[in-house]
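Numbering of ligands and ligand atoms starts at 1, following listing order.
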Amino acid sequence: MIDITSQDWFCDERSQKVMHILASYGKEARFVGGCVRDALIGRAVHDIDIATPEKPQVVEKLLQENGIKTIPTGIEHGTITAVCEGLVFEITTLRSDVSTDGRRATVVFSEDWLEDAARRDFTFNALSVGLDGVVHDPFDGVADLQAGRVRFVGAPHQRIEEDYLRLLRFFRFSAYFAKAPMDGEALQACIELAPKLSELSGERITQELLKLLSSPRPAKWISLMHNFGIMAHLITGTQDSHALEMMCAFEDKPDGLRRLSILLNKDADTVEQVIDRLKLSKKQSKRLRAARLYDGVISMDNIFVQLYRFGAETVQDRLFIYWAEKQFSGLGPAEQSLLHEIAQWKMDPKTFPLSGKDLLERGFTSGPQMGEALSCVEDWWCENQCQPDREACLTFLASLS
Ligand code: ATP
Ligand code: MG
């Protein structure tokens, strides 16, 4: 198993500084959860969680006195975000959940590391490590991680009843780490409690669902959730995951939102319902609609118009969805050329060289006629692969009259 103390994020001066500051009054702080788990199996660490016995107000004071920016992200649950020279840390006071209702918990702060570990969801998420590099593993999480076992801390049914999101997290972590068959008791609890998923807020579900979809083989896990009747309680209007599986093969890197779009039935009602259920942002909603509801075909004849009007991301979404649904088994030279143009556009997106000002300077008066002339030049420019320069566009404009 990998030595955590030699990893960049652990040695980083900023991590060391924050940990030392938190220990100012003699109580050890530890890195916890995902960063320890990922570090131990050599996955990139992308966010750093720290736990401390110090109360949130003390954490805030210590950090601020040392010039570290704090954000009271979830201070009532003991979580403060610290930003130290650009590096972000989520710092949470040790706690235990005194009452839960499946959606939120009432917490009491604690000084007991074991109590804090026991409220965490899975054995490998209950790991912690201090600056001395000693890994604390109260529930044999390291062995589970090595064996690819996703195991709840405590009885699965009870732990899911406390927070229904854990059901989805069970599938999410299985999608990344499972090498062993799923724990039968946990799976049974998931099936029984799946109807409760409808009580969770869209924001919480979305984060987990997009992470699940970004895993190496999402189709397998989505299809399991489908077959066990779980998916229907999450979102409605999904189709089987065969096209999703096909699409993953075309991707250069996983994209949860694109993967979500190919899972949905191709109709506006479904898309709107899912946007509403998942409380997607304006940007995500626009992208989902543009990807899922597009009916045309993209070829070299129209790719520049597409890139210019909708952007590289949406064009790529549309192409991948089309290829997957048409069951392309591989990409030939024509498809490769399209991908090449998308890649070029991402590096160097073209901008139309004229604006209304140019037309006003050439005797146009603002109004619909001027708008029409400008669009006409713009269409011509797009049809010519967005190549014509400013001079060429002005010449074409002159030829219109
Ligand atoms: P990643 O950051 O890769 O998504 P993570 O394990 O760090 O994975 P977070 O959502 O960042 O997941 O949560 C940090 C830690 O908080 C987890 O490792 C776990 O110990 C605990 N945790 C998060 N959500 C829950 C939950 N719903 N129930 C119990 N413990 C949780
Ligand atoms: Mg995390």
Side-chain angles (χ1 to χ4, degrees), residues 4 9-10 15 29-52 73-74 77-82 87-107 110 113-129 135-142 144-145 150-178 186 189-190 193 196-197 199-201 203-216 218 254 256:
I4 294 189
W9 65 275
F10 186 98
S15 303
R30 293 185 196 158
F31 296 107
V32 280
C35 60
V36 184
R37 176 199 70 219
D38 290 347
L40 285 173
I41 49 162
R43 286 179 85 212
V45 167
H46 52 81
D47 61 31
I48 306 178
D49 293 306
I50 296 175
T52 167
T73 321
H77 287 99
T79 303
I80 288 169
T81 302
L87 195 59
V88 177
F89 302 87
E90 295 268 302
I91 303 167
T92 305
T93 301
L94 299 186
R95 59 180 227 211
S96 66
D97 301 341
V98 279
S99 73
T100 50
D101 66 358
R103 284 163 297 169
R104 54 189 91 76
T106 309
V107 307
S110 143
W113 283 97
L114 186 59
E115 213 168 33
D116 186 75
R119 62 110 183 150
R120 296 179 183 272
D121 45 10
F122 303 104
T123 56
F124 51 51
N125 284 348
L127 299 167
S128 61
V129 65
V135 175
H136 301 266
D137 179 11
F139 306 111
D140 284 334
V142 172
D144 287 336
L145 195 57
V150 184
R151 192 160 62 85
F152 276 96
V153 173
H157 198 280
Q158 184 200 329
R159 299 309 314 280
I160 297 173
E161 269 192 318
E162 291 168 1
D163 179 359
Y164 305 127
L165 193 70
R166 291 175 190 154
L167 191 166
L168 200 47
R169 284 172 67 88
F170 180 62
F171 279 87
R172 194 253 278 195
F173 287 110
S174 296
Y176 284 92
F177 299 108
C190 289
L193 293 168
K196 298 288 189 181
L197 285 172
E199 294 181 21
L200 290 174
S201 75
E203 291 84 351
R204 290 187 84 205
I205 290 185
T206 304
Q207 229 188 6
E208 287 302 326
L209 183 61
L210 291 181
K211 282 186 178 174
L212 167 60
L213 283 167
S214 303
S215 66

Exercise. Can you find a side-chain donor-acceptor pair between Thr73 and Thr79 that sits under 3.5 Å?
Worked result: no
For this session: Could you tell me whether the side chains of Gln207 and Glu203 share a donor-acceptor contact shorter than 3.5 Å?
Result: no
Enumerated ligand 1 atoms positioned under 4.0 Å from heavy atoms of [X]:
| X | answer |
| --- | --- |
| Arg166 | 26 (C), 27 (N), 28 (N), 29 (C) |
| Asp163 | 26 (C), 27 (N) |
| Arg119 | 29 (C), 30 (N) |
| Gly34 | 5 (P), 6 (O), 7 (O), 18 (O) |
| Gly33 | 18 (O) |
| Lys211 | 1 (P), 4 (O) |

Exercise. Can you list the protein N, O or S atoms less than 2.8 Å from the Mg ion (ligand 2)?
Worked result: Asp47 OD1
Problem set entry | atom 15 (C) of ligand 1 - nearest protein heavy atom and its distance | Arg120 NH1, 3.7 Å
For this session: Around atom 30 (N) of ligand 1, find the nearest protein heavy atom and jot down its residue, atom name and distance.
Result: Asp121 N, 3.2 Å
For this session: Could you tell me if any non-hydrogen atom of Asp47 lies under 4.0 Å from any atom of ligand 1?
Result: yes
Exercise. Measuring from the heavy atoms of Phe122, does anything fall under 4.0 Å of ligand 1?
Worked result: no
Return the option from [options] holding the heavy atom at the smallest distance from [atom].
| atom | options | value |
| --- | --- | --- |
| atom 14 (C) of ligand 1 | Asn125, Leu168, Asp49 | Asp49 |
| atom 17 (C) of ligand 1 | Arg169, Arg172, Arg204, Arg159 | Arg169 |
| atom 5 (P) of ligand 1 | Gln207, Glu208, Arg37 | Arg37 |

Seminar exercise, completed: Going by the 4.0 angstrom heavy-atom rule, the piece of Tyr176 near ligand 1 is neither
Seminar exercise, completed: Only residue of Arg37, Arg169, Arg166 satisfying salt bridge (charged side-chain N to carboxylate O under 4.0 Å, His left out) with Asp121 is Arg169
Exercise. So, Asp144 side chain and Thr123 main chain: donor-acceptor pair closer than 3.5 Å or not?
Worked result: no
For this session: Spell out, as yes or no, whether a donor-acceptor pair under 3.5 Å connects the side chain of Ser96 to the backbone of Glu115.
Result: no
